[in-house]
Amino acid sequence: DQQAKGLAMLPSPDEGDIWFDMEGFPDPINGDKLEYLFGACYRDESGELKFADWWAHNSAEEKDAFDQFVQWVQRRRVAHPDLHVYHYASYEKTALGNLASRHQIHQAEIDQWLRDELLVDLYPIVRNGLLIGAPSYSIKKVERLYGPPRDGEVENAADSVVQYAQWKKRNEPQILKDLRDYNEKDCQ
(Lines give C-alpha, C1' and ligand atoms only; values in the text may rest on other atoms or scores of the structure.)
Protein backbone atom coordinates (compact mmCIF):
# COMPACT_ATOMS: atom_id res chain seq x y z
CA ASP A 1 0.00 0.00 0.00
CA GLN A 2 1.53 3.29 -1.09
CA GLN A 3 1.23 6.37 1.06
CA ALA A 4 -0.43 9.33 -0.68
CA LYS A 5 1.91 12.08 -1.84
CA GLY A 6 1.52 15.65 -3.00
CA LEU A 7 -1.98 16.82 -3.82
CA ALA A 8 -3.33 13.31 -3.20
CA MET A 9 -2.69 14.01 0.51
CA LEU A 10 -5.61 16.47 0.54
CA PRO A 11 -8.73 15.24 2.33
CA SER A 12 -12.05 15.33 0.51
CA PRO A 13 -13.53 18.84 0.56
CA ASP A 14 -16.33 19.57 3.01
CA GLU A 15 -18.79 22.48 3.18
CA GLY A 16 -17.61 23.12 6.74
CA ASP A 17 -13.88 23.39 5.95
CA ILE A 18 -11.92 26.18 7.64
CA TRP A 19 -8.75 27.96 6.47
CA PHE A 20 -6.86 29.16 9.53
CA ASP A 21 -3.94 31.50 10.21
CA MET A 22 -2.54 33.03 13.39
CA GLU A 23 -0.40 36.07 14.08
CA GLY A 24 1.94 36.14 17.05
CA PHE A 25 4.11 38.73 18.74
CA PRO A 26 7.27 37.79 20.64
CA ASP A 27 7.67 39.81 23.85
CA PRO A 28 11.28 41.05 23.85
CA ILE A 29 11.25 41.56 27.64
CA ASN A 30 10.13 38.20 29.04
CA GLY A 31 10.47 36.04 25.92
CA ASP A 32 6.79 35.02 25.95
CA LYS A 33 4.78 35.04 22.77
CA LEU A 34 1.34 36.57 22.50
CA GLU A 35 -0.92 34.99 19.90
CA TYR A 36 -2.80 38.18 19.14
CA LEU A 37 -4.89 37.25 16.10
CA PHE A 38 -6.73 34.06 15.20
CA GLY A 39 -8.20 34.32 11.69
CA ALA A 40 -10.37 31.87 9.80
CA CYS A 41 -12.03 31.79 6.39
CA TYR A 42 -15.06 29.55 5.99
CA ARG A 43 -18.14 29.24 3.85
CA ASP A 44 -21.51 30.25 5.28
CA GLU A 45 -24.78 28.40 4.64
CA SER A 46 -25.12 30.03 1.21
CA GLY A 47 -21.56 29.05 0.24
CA GLU A 48 -20.20 32.61 0.46
CA LEU A 49 -16.62 32.94 1.74
CA LYS A 50 -16.54 34.71 5.12
CA PHE A 51 -13.78 35.72 7.52
CA ALA A 52 -13.89 35.51 11.32
CA ASP A 53 -11.26 36.89 13.67
CA TRP A 54 -10.49 36.72 17.36
CA TRP A 55 -8.09 39.28 18.89
CA ALA A 56 -5.97 39.37 22.04
CA HIS A 57 -3.70 42.10 23.38
CA ASN A 58 -2.75 40.47 26.68
CA SER A 59 -2.61 36.99 28.22
CA ALA A 60 -6.19 37.02 29.55
CA GLU A 61 -7.54 38.09 26.15
CA GLU A 62 -5.36 35.46 24.46
CA LYS A 63 -6.95 32.77 26.64
CA ASP A 64 -10.41 34.10 25.78
CA ALA A 65 -9.66 34.31 22.03
CA PHE A 66 -8.27 30.77 22.06
CA ASP A 67 -11.33 29.54 23.96
CA GLN A 68 -13.73 31.26 21.55
CA PHE A 69 -11.90 29.89 18.50
CA VAL A 70 -11.88 26.31 19.79
CA GLN A 71 -15.58 26.52 20.73
CA TRP A 72 -16.41 27.94 17.28
CA VAL A 73 -14.60 25.05 15.55
CA GLN A 74 -16.31 22.53 17.84
CA ARG A 75 -19.75 23.97 17.01
CA ARG A 76 -18.92 23.81 13.28
CA ARG A 77 -17.86 20.19 13.70
CA VAL A 78 -21.32 19.32 15.01
CA ALA A 79 -22.89 20.68 11.81
CA HIS A 80 -20.02 19.45 9.57
CA PRO A 81 -18.42 16.35 11.14
CA ASP A 82 -16.07 15.86 8.16
CA LEU A 83 -14.61 19.37 8.11
CA HIS A 84 -10.89 20.05 8.28
CA VAL A 85 -8.93 23.06 9.50
CA TYR A 86 -6.31 23.94 6.89
CA HIS A 87 -3.18 25.91 7.79
CA TYR A 88 0.15 26.56 6.07
CA ALA A 89 3.29 25.21 7.84
CA SER A 90 3.50 24.00 11.42
CA TYR A 91 3.05 27.30 13.30
CA GLU A 92 -0.70 27.02 13.95
CA LYS A 93 -0.63 23.39 15.09
CA THR A 94 2.27 24.10 17.47
CA ALA A 95 0.71 27.33 18.75
CA LEU A 96 -2.64 25.66 19.50
CA GLY A 97 -0.88 22.98 21.55
CA ASN A 98 1.15 25.61 23.39
CA LEU A 99 -1.96 27.67 24.12
CA ALA A 100 -3.81 24.65 25.52
CA SER A 101 -0.87 23.93 27.84
CA ARG A 102 -0.21 27.54 28.85
CA HIS A 103 -3.83 28.38 29.63
CA GLN A 104 -4.83 24.90 30.84
CA ILE A 105 -7.94 24.78 28.65
CA HIS A 106 -9.01 22.66 25.69
CA GLN A 107 -6.12 20.23 26.05
CA ALA A 108 -8.43 17.27 25.41
CA GLU A 109 -9.98 18.98 22.38
CA ILE A 110 -6.62 19.80 20.80
CA ASP A 111 -5.38 16.27 21.46
CA GLN A 112 -8.54 14.93 19.80
CA TRP A 113 -8.07 17.28 16.83
CA LEU A 114 -4.59 15.82 16.38
CA ARG A 115 -5.85 12.22 16.64
CA ASP A 116 -8.67 12.98 14.19
CA GLU A 117 -6.21 14.66 11.79
CA LEU A 118 -8.53 17.66 11.84
CA LEU A 119 -5.62 20.05 11.29
CA VAL A 120 -4.23 19.77 7.75
CA ASP A 121 -0.85 21.36 7.08
CA LEU A 122 -0.86 22.47 3.44
CA TYR A 123 2.89 23.14 3.32
CA PRO A 124 4.03 19.51 2.80
CA ILE A 125 1.17 18.96 0.36
CA VAL A 126 2.22 21.93 -1.74
CA ARG A 127 5.94 21.14 -1.33
CA ASN A 128 5.43 17.58 -2.58
CA GLY A 129 2.76 18.39 -5.15
CA LEU A 130 3.98 21.47 -7.02
CA LEU A 131 7.21 22.61 -8.60
CA ILE A 132 7.00 26.40 -8.41
CA GLY A 133 10.36 27.63 -9.68
CA ALA A 134 11.06 29.74 -6.59
CA PRO A 135 13.73 29.38 -3.90
CA SER A 136 11.14 28.84 -1.18
CA TYR A 137 7.65 27.44 -0.73
CA SER A 138 6.50 30.20 1.60
CA ILE A 139 2.84 31.06 1.16
CA LYS A 140 3.84 34.43 -0.33
CA LYS A 141 5.92 32.70 -3.05
CA VAL A 142 3.24 30.08 -3.80
CA GLU A 143 0.42 32.62 -4.07
CA ARG A 144 2.32 34.31 -6.90
CA LEU A 145 1.19 31.32 -9.02
CA TYR A 146 -2.41 32.54 -8.91
CA GLY A 147 -2.24 36.22 -7.98
CA PRO A 148 -0.19 39.41 -8.06
CA PRO A 149 2.32 40.23 -5.32
CA ARG A 150 0.90 41.76 -2.16
CA ASP A 151 0.85 45.51 -1.95
CA GLY A 152 -0.59 46.13 1.52
CA GLU A 153 1.15 47.63 4.52
CA VAL A 154 1.86 44.14 5.87
CA GLU A 155 3.48 41.81 3.35
CA ASN A 156 5.01 39.03 5.47
CA ALA A 157 5.32 37.64 9.01
CA ALA A 158 8.25 39.93 9.89
CA ASP A 159 6.18 42.95 8.79
CA SER A 160 3.32 41.78 10.99
CA VAL A 161 5.60 41.74 14.06
CA VAL A 162 6.93 45.22 13.27
CA GLN A 163 3.43 46.58 12.62
CA TYR A 164 2.03 45.09 15.83
CA ALA A 165 4.92 46.67 17.78
CA GLN A 166 4.02 50.00 16.15
CA TRP A 167 0.38 49.54 17.16
CA LYS A 168 1.44 48.87 20.77
CA LYS A 169 3.30 52.22 20.75
CA ARG A 170 0.79 54.35 18.84
CA ASN A 171 -2.57 52.57 19.24
CA GLU A 172 -3.61 53.49 15.67
CA PRO A 173 -6.70 51.54 14.52
CA GLN A 174 -5.47 51.49 10.89
CA ILE A 175 -2.54 49.27 11.92
CA LEU A 176 -4.91 46.63 13.30
CA LYS A 177 -7.01 46.87 10.15
CA ASP A 178 -3.89 46.29 8.03
CA LEU A 179 -2.94 43.29 10.19
CA ARG A 180 -6.46 41.89 9.88
CA ASP A 181 -6.35 42.34 6.08
CA TYR A 182 -2.98 40.55 5.95
CA ASN A 183 -4.30 37.67 8.05
CA GLU A 184 -7.46 37.38 5.96
CA LYS A 185 -5.39 37.24 2.77
CA ASP A 186 -3.27 34.44 4.26
CA CYS A 187 -6.46 32.51 5.09
CA GLN A 188 -7.82 33.04 1.59
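Throughout, numbering of the chain's residues begins at 1 and tracks the sequence.
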Would you check if Val142 and Tyr88 make a side-chain contact, meaning some heavy-atom pair closer than 4.5 Å?
yes
Under a 4.0 Å N-O cut-off, is there an ion pair linking Asp181 with Lys177?
yes
Trp167/Phe25 aromatic ring centres below 6.0 Å
no
Asp67/His106 under side chain to side chain donor-acceptor pair (under 3.5 Å): CA gap, chis, key distance, verdict:
CA-CA 7 Å; Asp67 178 43; His106 298 305; 2.6 Å; yes
Less than 3.5 Å apart, any donor N or O on the side chain of Gln74 or Trp113 sitting next to an acceptor on the other?
yes
Closest non-hydrogen atom pair between Leu49 and Cys41, with its separation:
CD1-CB, 4.0 Å
Dump the intermediate steps for side-chain contact (heavy atoms from CB on, under 4.5 Å) on Asn58 and Leu34, then the final yes or no.
CA-CA 7 Å; Asn58 59 48; Leu34 175 70; 5.6 Å; no
So which atom in Trp54 and which in Ala65 form the shortest heavy-atom distance, rounded to 0.1 Å?
CB-CB, 3.9 Å
Mind checking whether Val154 and Val162 sit in one hydrophobic cluster, side chains of I, L, V, M, F, W, Y counted as touching below 4.5 Å?
no
Can you check whether Leu118's main-chain N or O pairs, donor with acceptor, with Asp116's side chain at less than 3.5 Å?
no
Here the gap from Ile110 atom CD1 to Leu96 atom CG, rounded to the nearest 0.5 Å, amounts to 5.0 Å
Is there a side-chain contact (heavy atoms from CB on, under 4.5 Å) between Val70 and Ile105 once you walk through the steps?
CA-CA 10 Å; Val70 171; Ile105 60 171; over 6 Å; no
Minimal heavy-atom distance between Arg180 and Phe51, with the atoms involved, is NH2-CD2, 3.2 Å
Is the Tyr164 ring parallel, tilted or perpendicular to the Tyr36 ring (thresholds 30°, 60°)?
parallel
Are Met22 and Trp19 linked, directly or through other ILVMFWY residues, by side chains that come within less than 4.5 angstrom of each other?
no
Using the rule given for side-chain contact (heavy atoms from CB on, under 4.5 Å), can you reason through His84 versus Ile18, listing the C-alpha separation, both sets of side-chain angles and the distance that settles it, and then say yes or no?
CA-CA 6 Å; His84 288 89; Ile18 297 166; over 6 Å; no
Under a 3.5 Å distance rule, please check whether Asn183 uses its side chain to pair with a backbone N or O of Asp21 as donor and acceptor.
yes
Are the side chains of Val85 and Glu92 in touch, meaning some heavy atoms are under 4.5 Å apart?
no
Side chain of Tyr137, backbone of Leu130: donor and acceptor closer than 3.5 Å?
yes
Nearest-0.5 Å distance that lies between atom CD1 in Ile175 and atom NZ in Lys169:
10.5 Å
Would the distance check show the side chain of Gln104 and the main-chain N or O of Ser101 forming a donor-acceptor pair, the cut-off being under 3.5 Å?
yes
Tell me whether the count of non-hydrogen atoms from other residues, nucleotides or ligands lying under 6.0 Å of CD in Glu15 goes above 12.
no
Once you measure the plane-to-plane angle for Phe38 and Phe66, does it fall in the parallel (<30°), tilted (30-60°) or perpendicular (>60°) bin?
tilted
From Trp55 CH2 over to Glu61 CD, what is the distance, rounded to the nearest 0.5 angstrom?
11.5 Å
dist Asp53:CG -> Glu23:CD (nearest 0.5 Å) comes out at 11.0 Å
Criterion side-chain contact (heavy atoms from CB on, under 4.5 Å) on Leu176 and His57, from CA distance to verdict:
CA-CA 11 Å; Leu176 293 184; His57 302 299; 4.1 Å; yes
Checking the side chain of Tyr182 only, and the main-chain atoms of Ala157 only, is there a donor and an acceptor separated by less than 3.5 Å?
yes
Stepwise side chain to side chain donor-acceptor pair (under 3.5 Å) check, Gln163 with Asp159:
CA-CA 6 Å; Gln163 289 296 316; Asp159 284 350; over 6 Å; no
Examine Tyr86 and Val126 and state if one hydrophobic cluster contains both, with Ile, Leu, Val, Met, Phe, Trp and Tyr joined whenever side-chain heavy atoms are less than 4.5 Å apart.
yes
If you measure from the Lys or Arg side-chain nitrogens to the Asp or Glu carboxylate oxygens, is any gap between Glu35 and Lys33 under 4.0 Å?
no
Value for CG (Asp64) from NE2 (His103), rounded to nearest 0.5 Å, stands at 10.0 Å
Using the rule given for side chain to side chain donor-acceptor pair (under 3.5 Å), can you reason through Asp111 versus Gln107, listing the C-alpha separation, both sets of side-chain angles and the distance that settles it, and then say yes or no?
CA-CA 6 Å; Asp111 286 345; Gln107 291 167 300; over 6 Å; no
Is Phe69 reachable from Leu114 through a run of hydrophobic residues whose side-chain heavy atoms are each under 4.5 Å from the next?
yes
Locate the shortest heavy-atom distance separating Arg102 from Leu99; write the atom from each residue and the value.
NH2-CD2, 3.2 Å
Please tell me if the side chains of Asp121 and His87 come closer than 4.5 Å, counting only heavy atoms from C-beta onward.
yes
Which atom of Ser12 lies closest to which atom of Asp17, heavy atoms considered:
O-OD2, 4.5 Å
How close do Pro11 and Val120 get, counting heavy atoms only, and between which atoms?
CG-CG2, 3.8 Å
dist Phe20:CZ -> Leu122:CG (nearest 0.5 Å) comes out at 13.0 Å
